[in-house]
Amino acid sequence: MRRRKKQKQDHPLIVQGNPKAVASEAFRTLRTNLQFTSPDREIKTILITSAAPGDGKSTVSSNLSAAWAQSGSRVLLLSCDLRRPVLHQIFGIRNTPGLTGYLTGRASLDAVIVPTSVPNLDFIPSGPVPPNPAELLQSKAMRQCFKDLRERYDVVICDGAPVIAVTDAAVVASQTDGTVLVVEAGETPKDVAAQAVQLLERAKANILGVVLNRVAGRGGSGYYYYHYHYYYSSSEAE
Ligand SMILES: Nc1ncnc2c1ncn2[C@@H]1O[C@H](COP(=O)(O)OP(=O)(O)OP(=O)(O)O)[C@@H](O)[C@H]1O
Ligand SMILES: [Mg+2]
């Protein structure tokens with residue numbers, strides 16, 4: 001079994017808890033890179049996913065959303081990981097009714113959107129774990145949800161499930177304008193990352209780039225570093 005690191009962070013939302021930290025700067029840089037990634041095509045909905053569990057998707061999506069909101073944009077963080085929801089814990093918000101409440105017709109969109117302690121940042125938690133996450137994520141209601149959110153916000157960041165284990169992330173990727181793949185430095189094997197890319201490409205995802213998480217820095221704990229790399233599909237690279 002793969003070893004999972006569960007080190008405690010001082011503040012899971014580092015861009016808010018420690019805006020001067022190197023990691024906070026890295027999230028602001030990531031935001032800027034994504035803002036200018038595609039001048040010809042509006043990128044409004046972005047999925048954050050990775051190959052495997054625990055690679056740092058929720059850490060990246062929550063901090064990126066907060067960094068984006070800090071720049072004055074209206075941001076919505078959508079928890080699309082319906083199987084292992086954690087974002088509501090990071091923000092100290094109830095996990096209900098959430099996205100599943102909306103998708104099953106039990107709550108309106110207005111009822112599931114909650115403001116966070118970060119100005120300009122709203123949040124939709126996952127909601128109760130449903131028996132059929134992939135089905136809900138490819139429903140008409142999900143498409144309507146994206147349509148409405150695009151009108152209300154400048155950017156929608158989606159925290160996804162790992163792409164290899166279940167189809168959920170690929171299903172969401174096909175509905176978003178762009179996808180960012182989180183890769184754990186020195187941990188995610190190349191063939192596993194390649195498989196994740198293949199699954200996303202098959203789902204017609206627009207892969208924007210790769211975030212290298214847990215890059216060891218020189219000196220210090222070398223822990224919180226992030227690097228962003230643009231993604232070129234094999235045809236573009238030729
Ligand atoms: N760069 C980092 N520095 C320190 N801690 C980190 C870093 N990235 C992730 N973590 C920690 O690692 C754990 C897993 O991260 P996270 O929950 O973001 O991963 P995930 O990919 O969303 O997991 P899952 O697949 O279960 O949804 C968390 O405890 C998180 O705080
Ligand atoms: Mg997660």
Side-chain angles (χ1 to χ4, degrees), residues 1-31 46-67 77-93 95 98-100 123-127 129-130 133-134 137 157-173 176 179-189 192-193 195-197 199-200 210-229:
M1 214 172 75
R2 199 164 157 233
R3 184 176 56 90
R4 280 265 51 91
K5 299 185 263 349
K6 283 282 172 200
Q7 282 96 333
K8 273 264 162 275
Q9 290 173 237
D10 292 344
H11 193 302
L13 216 50
I14 191 164
V15 298
Q16 192 187 40
N18 188 357
K20 291 197 173 138
V22 176
S24 302
E25 188 51 42
F27 283 119
R28 289 191 290 269
T29 304
L30 175 60
R31 171 199 69 205
I46 300 172
L47 169 69
I48 310 294
T49 187
S50 77
D55 290 332
K57 298 175 285 296
S58 301
T59 308
V60 170
S61 57
S62 53
N63 280 285
L64 173 65
S65 309
L77 174 62
L78 179 62
S79 181
C80 294
D81 187 346
L82 302 185
R83 296 173 202 255
R84 301 213 300 180
V86 296
L87 287 181
H88 62 285
Q89 290 166 358
I90 293 179
F91 288 96
I93 286 169
N95 192 30
L99 183 59
T100 58
F123 172 54
I124 300 182
S126 304
V129 178
L137 291 170
I157 310 274
C158 308
D159 179 39
V163 77
I164 290 185
V166 284
T167 59
D168 305 18
V171 164
V172 178
T176 49
T179 295
V180 170
L181 192 69
V182 179
V183 170
E184 263 199 276
E187 274 278 333
T188 309
V192 172
Q195 195 189 344
V197 167
L199 287 166
L200 288 169
V210 171
V211 169
L212 207 51
N213 189 14
R214 301 182 199 263
V215 178
R218 258 178 282 153
S221 66
Y223 201 58
Y224 265 123
Y225 287 68
Y226 294 89
H227 285 185
Y228 178 70
H229 297 273

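Indexing begins at 1, ligand by ligand and atom by atom, following the structure's order. What you are looking at is a predicted structure, and each value in this text was computed from that prediction instead of being measured.
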- request: Please confirm whether Gly54 comes under 4.0 Å of ligand 1, counting heavy atoms of the residue only.
  value: yes
Side chains of [X] and [Y], heavy atoms from C-beta outward: is any pair under 4.5 Å?
X      : Y      : value
Ser62  : Asp159 : no
Leu99  : Ser126 : no
Thr179 : Leu181 : no
Leu30  : Val60  : yes
Arg83  : Asp81  : yes

Classify the contact between [X] and ligand 1 as side chain, backbone, both or neither, using a heavy-atom distance cut-off of under 4.0 Å.
X      : answer
Arg84  : side chain
Asn213 : side chain
Val60  : neither

task: With Lys57 as reference, evaluate Val211, Leu87, Asn213, Thr49 under the side-chain contact (heavy atoms from CB on, under 4.5 Å) test and give the passing residue.
output: Thr49
- prompt: Hey, which atoms in ligand 1 end up nearer than 4.0 Å to a heavy atom of Pro53?
  reply: 25 (O)
- prompt: Just which atoms of ligand 1 are under 4.0 Å from any heavy atom in Asp81?
  reply: 27 (O)
query: Can you check whether Gly160 has an N/O within less than 3.5 Å of an N/O in ligand 1?
result: no
statement: Heavy-atom proximity to atom 19 (O) of ligand 1 ranks first, among Ser61, Gly56, Ser50, for Gly56
statement: For Ser61 and Leu77 the tightest heavy-atom approach is O-CD1, 3.8 Å
message: Within 2.8 Å of the Mg ion (ligand 2), is there any N, O or S atom belonging to Ser58?
response: yes
